[in-house]
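Structure first, commentary second.
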Number of protein chains: 2
Amino acid sequence: MNTEADVNDFIQNGYQEYLTHLSIDPVILGYHQQQLKILLLKWKGYKDWGLPGGFIKQREPLSKAAHRILKEKTSLSNLFLQQFYVFGDSPYRVQERSPQEFRDKFNLQVEDDNWLLKRTIAIGYFALVDYSKVRVQTDFFTEDYQWWDVAAVPKLLFDHNEAIDKALLTLRLQIYHQPIGYNLLPEKFTLPEIHSLYESILGKELDQRNFAKKLIALGLIQKLEERRSIGAHRSPYLYQFVKEKYEQALQEGIVHTY
Amino acid sequence: MNTEADVNDFIQNGYQEYLTHLSIDPVILGYHQQQLKILLLKWKGYKDWGLPGGFIKQREPLSKAAHRILKEKTSLSNLFLQQFYVFGDSPYRVQERSPQEFRDKFNLQVEDDNWLLKRTIAIGYFALVDYSKVRVQTDFFTEDYQWWDVAAVPKLLFDHNEAIDKALLTLRLQIYHQPIGYNLLPEKFTLPEIHSLYESILGKELDQRNFAKKLIALGLIQKLEERRSIGAHRSPYLYQFVKEKYEQALQEGIVHTY
DNA sequence: ACAAAAGTGTTGTCTTTACACCCATGG
DNA sequence: CCATGGGTGTAAAGACAACACTTTTGT
C-alpha cells in the first residue's frame with residue numbers, strides 16, 4: 001500500500017474488504033543486546049509513537065489475519081503469536097473520530113461515515129520474534145519504525161501503553177506455565193543469553209546456577225559441544241531447545257518458579 | 001425484547017444501535033450440589049443448545065457491554081467477569097449466513113445484507129455467579145434455559161463447545177494465580193463445599209487436610225463460630241473469605257499448587 | 001599478569017505430599 | 001447403635017534458595 005491510488009482505494013473502499021470496528025494490534029517483542037525490545041511505529045500525523053495495527057479481511061479467519069498482519073510488518077511467518085486482551089473501554093475506543101482530525105493527520109478528505117473514523121475495538125496479540133530476522137515494512141500511514149527497550153517505552157498513542165503493559169504482564173504470568181524463548185532466541189544460544197532474557201521478562205534477577213539447573217532438569221534445553229567465541233574471556237557453550245520437550249511443556253504446562 | 005415490534009426493529013435496525021461483526025458470548029458458571037454448572041440456552045430454531053450471547057452498543061465500552069448482557073440474562077450485577085478468548089477462526093465465524101437459514105429458524109424474512117447474517121467474531125467472557133441468585137430471562141431468540149453439569153455438556157451450536165473448553169482451561173490456569181470462589185459460593189460456606197468446588201474446577205482430587213491448611217495459611221478464608229446443620233451427621237463449621245486478603249491476592253497473584 | 005565473563009555443587013529451609021483415625025449427629 | 005460425613009496432625013520427600021570460587025581467554 002504505497003501508491004496514492006492504493007491509499008485512496010483503501011480509505012474509500014476498504015470497508016468492503018475489511019471488517020469495520022475491529023483491528024488487530026500486535027505487540028512485537030524481540031531480544032537484542034540483553035534487552036527485551038518492542039517494535040513501535042511512527043504514525044503519520046501523530047507526534048507520539050504507537051503499536052503497529054491492521055484490519056481483518058471479510059472472510060479471513062482471525063488467526064490468519066494476525067499472522068498476515070505480522071508478516072506484512074515484519075516479513076516473518078510462523079511466529080509465536082498469541083491473543084492477550086481485547087481493548088474496547090478507553091475513550092479512544094468508544095468515540096468516533098472526525099473528518100477534521102483525519103484531514104489534519106493525513107491531509108485527506110473523507111466523509112463523515114468513512115469506515116476509518118469509526119470506533120475500533122482492538123484485539124491485542126503479542127508476538128515473540130527473532131530480532132535479527134525482522135525486516136520492517138512501512139507504508140503510507142507509518143513513516144518510520146524503531147525498536148525500543150521495553151523498560152523505556154515513551155508515552156504512546158491512544159491506549160497503547162496499556163496494551164504493552166498488559167502484554168508484558170501476560171507474558172510474565174505465562175512464563176510460569178510455558179517455556180518461552182524458542183521464538184526470541186536464535187536456534188543456538190548460550191546460557192547467559194537465555195538467563196538474561198528471562199531476567200528481562202520477569203524484571204528481576206535470577207540466580208544463574210539455579211536457573212540453569214532448572215531448565216536442564218526440565219529437559220527443555222540441551223548442551224551442545226560447540227562453543228561461541230565472542231572475543232575476550234571464556235567461551236560459553238551453546239545450547240538448544242529440545243523441541244519435543246518444549247512442545248510438550250507448551251501443551252501440558254509446567255509449574256515452577258525460576 | 002419480547003414484543004413482535006421490538007424484535008422486528010432489532011432485526012431491521014439493530015445495526016444502528018449495535019456494532020456489527022462482533023458479539024459477546026458469556027460462559028456463565030455456577031456451583032450447585034457439588035457440581036460446577038454452566039448456563040445454556042435453547043435457541044429458537046436450533047435443536048442444539050448454546051451459549052447466551054449479546055451485542056455491543058455503538059458507544060458502549062466493551063466491559064460495560066459485557067456486564068449489561070450478563071445482567072440482562074441473569075439479573076445479576078457486580079459479577080466476576082473476565083475475557084478469556086476471541087473466537088474468529090471456525091467456519092461458522094468466517095462465513096455469512098443466508099436469509100433462507102434465517103427464515104427457517106425464525107420464520108422471518110430478511111434482506112441479503114441484514115446485519116444479523118454477517119459473520120461475528122465472538123469475544124468470550126466467563127462469569128462466576130452465585131447459582132442461587134440467578135434469575136434467567138429468555139426472549140424471542142431464546143426459548144428456554146437450563147443449568148448443565150460442566151462434565152456433561154452436550155454437543156452445542158457453532159463453536160460453543162470449544163469456547164467452554166477454553167473458558168474452563170483458563171479458569172484452571174487462573175486458579176493457580178488467583179483465588180476463586182468469592183463469586184461462586186454463598187457468603188458463608190463450609191470447607192467441604194469449597195473443597196469440592198476446587199475439585200470440580202481442577203477435575204482432580206485434592207487432599208482435604210492439605211487443601212484446608214493451604215487456604216488458611218494463605219489467610220484467604222477464616223473460620224466462623226457458626227455451624228450449619230445440614231441434617232444427619234456432624235455439623236460443618238462455616239467459613240468466609242477474608243475480603244482484604246482475597247482482593248490482594250487477586251491483584252498481586254499467588255503461586256501455589258493445592 | 002590482569003580483567004572480565006563463564007562454569008560449576010552443596011547445604012539448610014521451606015513446601016508439598018501422603019496418610020488414618022476419632023468425633024458428632026440424626027435416624 | 002450404626003451409618004455418614006466432618007474434623008484434625010505428623011513425618012518423609014522433594015523443591016527451592018542462598019551462597020563463592022575456579023577456569024578460561026584476550027589484551
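Numbered from 1 within each chain, the chains take letters A, B, ... in sequence-line order. Quick caveat: nothing in here was measured; it's all calculated off a predicted structure.
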**OP:** State, yes or no, whether a side-chain contact exists between B:Q82 and B:Q174 at a heavy-atom distance under 4.5 Å.
**Re:** yes

Subject >> Any A:K223 side-chain N or O less than 4.0 Å from OP1/OP2 of C:dT8 >> reply: yes

Original post:
Of B:K214 and A:P192, whose nearest nucleotide on DNA chain C comes first from the 5' end?
Top reply: A:P192

**OP:** Check the distance between D:dT8's P and B:D207's CG and give it to me in whole angstrom.
**Re:** 14 Å

Subject >> More than 12 heavy atoms from other groups under 6.0 Å of NZ on B:K64 >> reply: no

Original post:
Between B:L224 (CG) and D:dG6 (P), how many Å, whole number?
Top reply: 17 Å

Subject >> Side chain proximity check, A:L156 to A:D48, heavy atoms < 4.5 angstrom >> reply: no

**OP:** State whether A:E162 and A:R93 are salt-bridged, where the test is any N-O pair (Lys NZ or Arg NE/NH1/NH2 against Asp/Glu carboxylate O) under 4.0 Å.
**Re:** no

**OP:** Answer yes or no: are there more than 12 heavy-atom neighbours, outside B:Y92 itself, under 6.0 Å from its atom OH?
**Re:** yes

Original post:
Would a 4.5 Å heavy-atom cut-off, applied to side chains only, mark A:I201 and A:L197 as touching?
Top reply: yes

Subject >> ring-ring contact (aromatic ring centres under 6.0 Å, His included), paired with A:H32, selected from A:W147, A:W148, A:Y131 >> reply: A:Y131

Subject >> Distance in angstrom units between B:F211 CZ and C:dT15 C1', rounded >> reply: 17 Å

**OP:** Any chance you could list the contact pattern along nucleotides 20-27 of chain C? Use B for base contacts, S for sugar-phosphate-only contacts and - for none, protein heavy atoms under 4.0 Å, 5' to 3'.
**Re:** B--BBBS-

Original post:
So how far off straight is the helix from C:dA1-D:dT27 to C:dG27-D:dC1, going by the axes through five pairs at either end, to 10°?
Top reply: 0°

Original post:
For B:E199, which residues count as a salt bridge (Lys or Arg N to Asp or Glu O under 4.0 Å) partner, sequence neighbours excluded?
Top reply: none

Subject >> Atom pair distance, as rounded to whole Å: OH in B:Y239 and C1' in D:dT8 >> reply: 10 Å

Original post:
What's the CZ-C1' distance between B:R228 and D:dT4, to the nearest Å?
Top reply: 17 Å

Original post:
Just how far, in rounded Å, is P of C:dT10 from CG of A:N210?
Top reply: 14 Å

**OP:** Would you kindly give the CG-to-P distance between A:L215 and C:dG7, to the nearest whole Å?
**Re:** 14 Å

Original post:
Base, sugar-phosphate, or nothing: which does A:K213 touch, judged by heavy atoms less than 4.0 Å apart?
Top reply: base

Original post:
B:L206 has an atom CG; how far is it from atom P of C:dA18, in whole Å?
Top reply: 11 Å

Subject >> Exceeds 12 heavy-atom contacts within 6.0 angstrom, atom OH of A:Y145 >> reply: no

